[in-house]
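Below, each value reflects all heavy atoms present in this structure, side chains not excepted, and no hydrogens, waters or symmetry copies.
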Amino acid sequence: MGLSWTEVRFFYDRGTGLFRRGLASLRTRGVRASWERVLKQFHRVPLDQRLALYLPQAEPFAPFAVPHSDRPVASIVIPVYNQFAHTLACLRAIAAHAPAAAIEIVVSDDGSSDETEAALAQVDGVRYHRRVQNGGFIAACNDGAAQARGKFLVFLNNDTIPQPGWLDTLLATFDSEPDVGLVGAQLIYPDGRLQETGGIVRSDGRAANLGRLRSAFEPEFSYLRRVDYCSAAAIAIPRELFESLGGFDTFYAPAYYEDTDLGMKVNARGLRVLAQPAAKVVHLEGVTSGTDTRRGIKAYQLRNEERFGERWASRLPSHPDHEMRSPRTTDRLYSRVVLIVDALTPQPDRDSGSLRLLNLMRLLREEGAHVVFVPANRAHDGAYTQALQLLGVEVWHAPFAKHPHAWLREHGPRFDTVVVCRHYVLREWLPLVRRFAPQAKLVFDTVDLHYLRERRGAELANDAALKRASERTKALELEMIARSDATLVVSDVERTLLAKDAPGAHVDIVSNLHHVHGRGLPFDERHDLVFVGGFRHPPNVDAVQWFVGEVFPLIRARLPNVLFHCIGSDTPPEIAALAAQPGVIVHGHVPDIDPYMDGARIAIAPLRYGAGVKGKVNLSMAHGQPVVATATAVEGMHLRDGEDVLVGGTPQSFADAVVRLYTDEALWERLSHNGIANVERHFSLDAAREVVRRVLLERR
């Protein structure tokens, strides 16, 4: 069957439009940027890199209800003009996956002539507002906002299909991030490709979507990021802020560039505009206004582009030009860009080193820096990777992260500081960093001094082979220290050791980093003993075996009902077998350890060798849970025996300390109070802030 005249006209308009825009792009952007735009149009996203989406079935209309509250937290404002089938799909999607937040839905009808008014009268919960005459997108949005009662305004196009969890994620961003003025959802095409993760404004005033026609899984579009603006197809903004800015500016009536202008105004207020990729919304772009900028409402896009450029001319010179590649276009919105490389993605519920690194990233972000993270194994680690992205960390992983050589060649010029954790990771990355990021300060984060821990383990085992291995580790670690611009250790004990072993090195302390959680349950509501520690760490295996074999029987003889809870990931057979001992419960990995921190009476840290600062001790103290430990476990932690902690070195002295603390409420209260104070003074984010500013954020 031949083409109809309508189809012929479509292809003619598309072809001539592309040709005209191509010539305009060559004149304004140059050859390179124009060619990149051409390639983007033909970029193919493999099916396995496209999102699986919720799309409601198209069914005949029947009355239904949407979530609604008389005291809404958020008011969803949906501007409509005809196209009822799309409005119906949008409302059905909201009803099918109702948000947890209290909401109202305000439909602002810009004079529809189809069945919109009659049908919406049968949708229970919708607040319907009809304008007297058609005024365009800006007028419909502003009128809808005037009807709203919620703390937040959420503008949502009627040609969208919100995905499950979208709204709660948008609203949670205002709680988790400071100084936020506007948050936009990630917009997805119905075929699963990316339409937009926020937008930037180029130096010539043109607005550009980030990620258009790419995979939504690509690292540069998968993290909470600062942007210049977000498309009003799906944004959230505090109602008071929107009103104080005058709403969407009628200077751009009837439509286009009003959302770009709003983003610029929010940024000018000193507030941040964020694109939240964890909030996903399908958008059928161009349903209402079309895509041809030569006719209809769409023609206002070119006029308003010029108006916008004139209004913001004084600010635009600081914006990126068309030659700047995508990953760097928003780096300018941060004070510094810091690359962190570690062996694996941090798993803060499994080991203290991961918690320290995660909180270091939080601290850097609090200081206005942008953090880029690359695990040396380049693996996407599921929920752990997603947690970093939700925090605002740009995480690179396979298949998008190439070999470190190729990846650093592309990204190296971005970084002001590069932090590499562990000597064996730095050994591989150091020459690449020096070549491809020569401007960056290179900081070696030891995590703990491996050679000190290995040497102590060898001495405890009286093993000559282990002693020789520790000397090889020492040589490698000291070499990395010598070749770095600065080195981080976790305790003054290690810094003092390096003053002797590496006297010319620049060494600073960034210890364990913790938030104080509070006191938990009172003394008389707490029971039992708890140990927390990952068992990939050999000192933890030795510690638990020693405690269960030699100490716990002495405790049970005097406290026969007390139980010992052993918590830790990667439980080896020799630890699992300890569950056969009376009173011993081996839990393995526990995703949420707060009930044990808040409910167990005493934490134990029976380490006989190791190095660095022990996260298990900090963690318990941050919950107001007193600790009984060996001297090794509290080394370098500014703790006083009998005031902040109880220390025992032999099975009998350790058992005596546990029994004494378990039965003495006044002693327990003193240690609980002093432990929290110790964490606040030495192991909080504020305690490390000055060193982080000086070592990681000052320019070379």
Student: Could you give all pairs that pass the salt bridge (Lys or Arg N to Asp or Glu O under 4.0 Å) test and reach residues 510-531, with sequence neighbours left out?
Tutor: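 Found Arg519-Glu669.
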Student: For the pair His380 and His397, name the ring-plane relationship: parallel under 30°, tilted 30 to 60°, perpendicular over 60°.
Tutor: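 Correct class here is perpendicular.
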Student: Is there a donor-acceptor pair closer than 3.5 Å between any side-chain N or O of Asp445 and the backbone N or O of Val420?
Tutor: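 Side chain of Asp445 to backbone of Val420: no pair is present.
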Student: Are any of the side-chain nitrogens in Arg422 or Glu477 under 4.0 Å away from the carboxylate oxygens of its partner?
Tutor: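 No, no charged N to carboxylate O under 4.0 Å.
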Student: Under a 3.5 Å cutoff, is there a donor and acceptor pairing between the side chains of Asn678 and Arg681?
Tutor: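 No, no side-chain donor-acceptor contact under 3.5 Å.
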Student: May I have the step-by-step check of side chain to side chain contact (heavy atoms under 4.5 Å, CB included) for Asp463 and Lys467, ending in yes or no?
Tutor: CA-CA 6 Å; Asp463 189 317; Lys467 180 65 164 63; over 6 Å; no
Student: I'd like to know if the side chain of Arg365 reaches the main chain of Leu360, judged simply by a donor and an acceptor atom lying under 3.5 Å from each other, with no hydrogens or angles considered.
Tutor: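 Such a contact is absent between Arg365 side chain and Leu360 backbone.
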Student: Between the side chains of His423 and His450, is a donor N or O closer than 3.5 angstrom to an acceptor N or O?
Tutor: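 Checked: His423/His450 side chains show no N/O donor-acceptor pair below 3.5 Å.
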Student: Below 4.0 angstrom, N of the basic side chain to O of the carboxylate: do Lys614 and Asp448 qualify?
Tutor: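 No, Lys614 and Asp448 are not salt-bridged.
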Student: If the plane angle is over 60° it's perpendicular, under 30° parallel, otherwise tilted; pick one for Phe683 and His638.
Tutor: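 Answer is tilted, since the angle falls between 30° and 60°.
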Student: Let me see the working for Phe547 and Phe564 under ring pair (Phe, Tyr, Trp, His ring centres under 6.0 Å), right down to the final yes or no.
Tutor: CA-CA 10 Å; Phe547 178 78; Phe564 169 53; 4.9 Å; yes
Student: Between Arg350 and Tyr384, do the side chains contain an N or O donor and an N or O acceptor separated by less than 3.5 Å?
Tutor: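 Distance-only check passes for Arg350 and Tyr384.
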Student: With a 4.0 Å cut-off, would you call Glu479 and Arg427 a salt bridge?
Tutor: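 Here Glu479 does not pair with Arg427 in a salt bridge, since their nearest N and O are not under 4.0 Å apart.
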Student: Quick test of your reading of the model: are Arg693 and Glu698 salt-bridged, counting only N-O distances below 4.0 Å?
Tutor: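 Answer for the salt bridge query: no.
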Student: Tell me whether the centres of the aromatic rings in His411 and Trp396 are closer together than 6.0 Å.
Tutor: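 Distance test on ring centres: under 6.0 Å, yes.
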Student: Should Arg694 and Glu690 count as an ion pair when the cut-off is N to O under 4.0 Å?
Tutor: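 Yes, this pair counts.
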Student: What pairs of donor and acceptor atoms, side-chain ones from residues 570-578 against any protein atom, are under 3.5 angstrom apart with sequence neighbours left out?
Tutor:
| unit_1 | atom_1 | unit_2 | atom_2 | d |
| --- | --- | --- | --- | --- |
| Asp570 | OD2 | Arg536 | NE | 3.4 |
| Thr571 | OG1 | Gly568 | O | 3.0 |

Student: Classify the side-chain pair Gln625/Ser620 by whether it contains a donor and acceptor separated by less than 3.5 Å.
Tutor: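 The criterion, which ignores hydrogens and geometry beyond distance, is satisfied for Ser620 and Gln625.
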Student: Determine, step by step, whether Gln276 and Thr169 satisfy the side chain to side chain contact (heavy atoms under 4.5 Å, CB included) criterion, reporting the C-alpha distance in whole Å, the side-chain angles of both residues, the deciding distance to 0.1 Å, and the verdict.
Tutor: CA-CA 8 Å; Gln276 176 55 278; Thr169 302; 3.7 Å; yes
Student: How would you list, by chain and number, every residue that makes a ring-ring contact (aromatic ring centres under 6.0 Å, His included) with Tyr223, sequence neighbours excluded?
Tutor: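 Here the qualifying residues are His370.
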Student: Charged N to carboxylate O under 4.0 angstrom, Arg670 versus Glu643?
Tutor: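 Salt bridge: yes.
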Student: Can a donor-acceptor pair be found between the side chains of Ser354 and Gln347 at a distance below 3.5 Å?
Tutor: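 Their side chains do not contain a donor-acceptor pair, so the 3.5 Å distance test is not met.
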Student: Assess, by modelled atom type and distance only, whether the side chains of Asp656 and Ser653 contain a donor and an acceptor separated by less than 3.5 Å.
Tutor: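 No - no donor-acceptor pair under 3.5 Å links their side chains.
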